[in-house]
S.K.: 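Once you've had a glance at the structure underneath, I'll fire off some questions.
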Amino acid sequence: KLLYSINLGEPYLLDEIEWTPEDLFQDRQIAEIIKRDSLKHLIKSGDRFDSDVLEDERKRISNGLREIGYYDFSKEYIGFKADTFASTHTTNLRMEVKHPSRKSSGLSEYEHQRYRINDIRIVGDFNPLTYMESPETYFLNSDTLHFNGLEYIYNDELSVKKNLLHSSIYIEEGELFTQSKVDKTHTTLNGLQNFRTINLTFEPIDSIGKDSIQLLDCKIELSPLTKQSYEISLEGTHSSGNLGMAGNLIYNHRNLFHG
């Protein structure tokens, strides 16, 4: 029998925390957002230093920024510089926001761009295999129609009624990019159980509004499931000592009532 004794040592506690030091935080617009968000911070002076909590804070701040237009912002832009003091077992933290990976017109090299939704296009019967064979010609013979501010593109027919699709899409033209609305749109479309794959893509366009917010086109690619299918299953039976086989024929018809 072995007994182990583990001495974890004295934990380091957080002392001073600088959230928006100017030498590490040159995007002053985001700096003001972080300052207004101070009551929601997950790390505070006096807390135990914990790298997992720092990671959660990076995710929380990044998610919050993606709710107010910062489409291409991620937690990878956020870092913390730590100075530890062995004599007092304390740690000082300084938060950093790195420069954006691409330069946006109308902004300095330090500023991250915000985005507003421009056009919303729905490809209602997208076939990724056919598209990959000839992306240049895939949409040449497509039909286009507009309904309640959305543009529908299809080659054969829409597998779901336009009003049902419209009520499932929470992204709106003219609004700031909002990640939760993107997620809700994907979840709702998936709940219709009419599509094999659902793909939402966003593409910045070379146009800046008067408020220095860049425009962002949205495309929703929907690949329908097969409308009609047959399923045959076999199962063994045992009755009064006799062995046998029983078969089931199941017929599926999706969108039978054109919902």
S.K.: Would you say Thr197 and Ser223 are linked by a side-chain donor-acceptor pair, where the criterion is simply a distance under 3.5 Å?
M.R.: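 Distance-only check passes for Ser223 and Thr197.
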S.K.: Salt bridge check: are Lys219 and Glu221 linked by an N-O gap of less than 4.0 Å?
M.R.: yes
S.K.: Could you tell me whether Lys35 atom NZ has more than 12 heavy atoms of other residues or ligands within 6.0 Å of it?
M.R.: yes
S.K.: Salt bridge or not for Asp72 and Arg66, using N-O below 4.0 Å?
M.R.: no
S.K.: Just by distance, no angles: are the side chains of Ser180 and Thr178 close enough, under 3.5 Å, to form a donor-acceptor pair?
M.R.: no
S.K.: If only side-chain N and O atoms count, and only distance matters, is there a donor-acceptor pair under 3.5 Å linking Asn92 with Asp83?
M.R.: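 Not at all, the side chains of Asp83 and Asn92 share no donor-acceptor pair under 3.5 Å.
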S.K.: I'd like to know if Arg58 pairs up with Asp56 as an ion pair, taking the criterion as any Lys NZ or Arg NE/NH1/NH2 lying under 4.0 Å from an Asp or Glu carboxylate oxygen.
M.R.: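 Looking at Asp56 together with Arg58, the answer is no, because their closest N to O distance does not fall below 4.0 Å.
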S.K.: Would you kindly check if the NZ (Lys) or CZ (Arg) of Lys184 is within the cone defined by 45 degrees around the ring axis of Tyr170 and under 6.0 Å from the six-membered ring centre?
M.R.: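 Flagged: Lys184 positioned over aromatic ring of Tyr170.
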S.K.: Does atom CD of Glu22 have more than 12 heavy-atom neighbours from other groups under 6.0 Å away?
M.R.: no
S.K.: Are the charged groups of Glu173 and Arg116 less than 4.0 angstrom apart, N to O?
M.R.: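 Salt bridge: no.
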S.K.: Determine whether Arg94 and Glu16 satisfy the following criterion, salt bridge (Lys or Arg N to Asp or Glu O under 4.0 Å), listing intermediate values before the conclusion.
M.R.: CA-CA 8 Å; Arg94 305 179 78 220; Glu16 296 181 4; over 6 Å; no
S.K.: Checking Leu222 against Val123 for the side-chain contact (heavy atoms from CB on, under 4.5 Å) test, could you report, in this order, the C-alpha distance in whole Å, the side-chain angles of both residues, the deciding distance, and whether it holds?
M.R.: CA-CA 6 Å; Leu222 306 173; Val123 185; over 6 Å; no
S.K.: Tyr12 vs His89 aromatic rings, parallel, tilted or perpendicular, using cut-offs 30° and 60°?
M.R.: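 If you compare the ring of Tyr12 with that of His89, the planes turn out tilted.
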S.K.: Any side-chain donor paired with an acceptor under 3.5 Å for Asn63 and Glu67?
M.R.: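 There is no such pair (donor and acceptor under 3.5 Å, judged by atom type) between the side chains of Asn63 and Glu67.
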S.K.: Is the ring pair Tyr71/Tyr115 parallel, tilted or perpendicular, if the boundaries are 30 and 60 degrees?
M.R.: perpendicular
S.K.: Using a cut-off of 6.0 Å, state whether more than 12 heavy atoms not belonging to Arg48 lie near its atom CZ.
M.R.: no
S.K.: Taking the inter-plane angle between the rings of Phe73 and Tyr70 on a 0 to 90° scale, is it parallel (under 30°), tilted (30 to 60°) or perpendicular (over 60°)?
M.R.: perpendicular
S.K.: Compare every heavy atom of Leu42 with every heavy atom of Asp47, then report the nearest pair and how far apart it is.
M.R.: OD2-O, 4.0 Å
S.K.: Taking atom OG1 of Thr91 and atom NZ of Lys81, what is their separation to the nearest 0.5 Å?
M.R.: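 Thr91 OG1 to Lys81 NZ: 15.0 Å, rounded to 0.5 Å.
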S.K.: Atom CZ of Phe202 and atom CD1 of Ile120: how far apart are they, to the nearest 0.5 Å?
M.R.: 8.0 Å
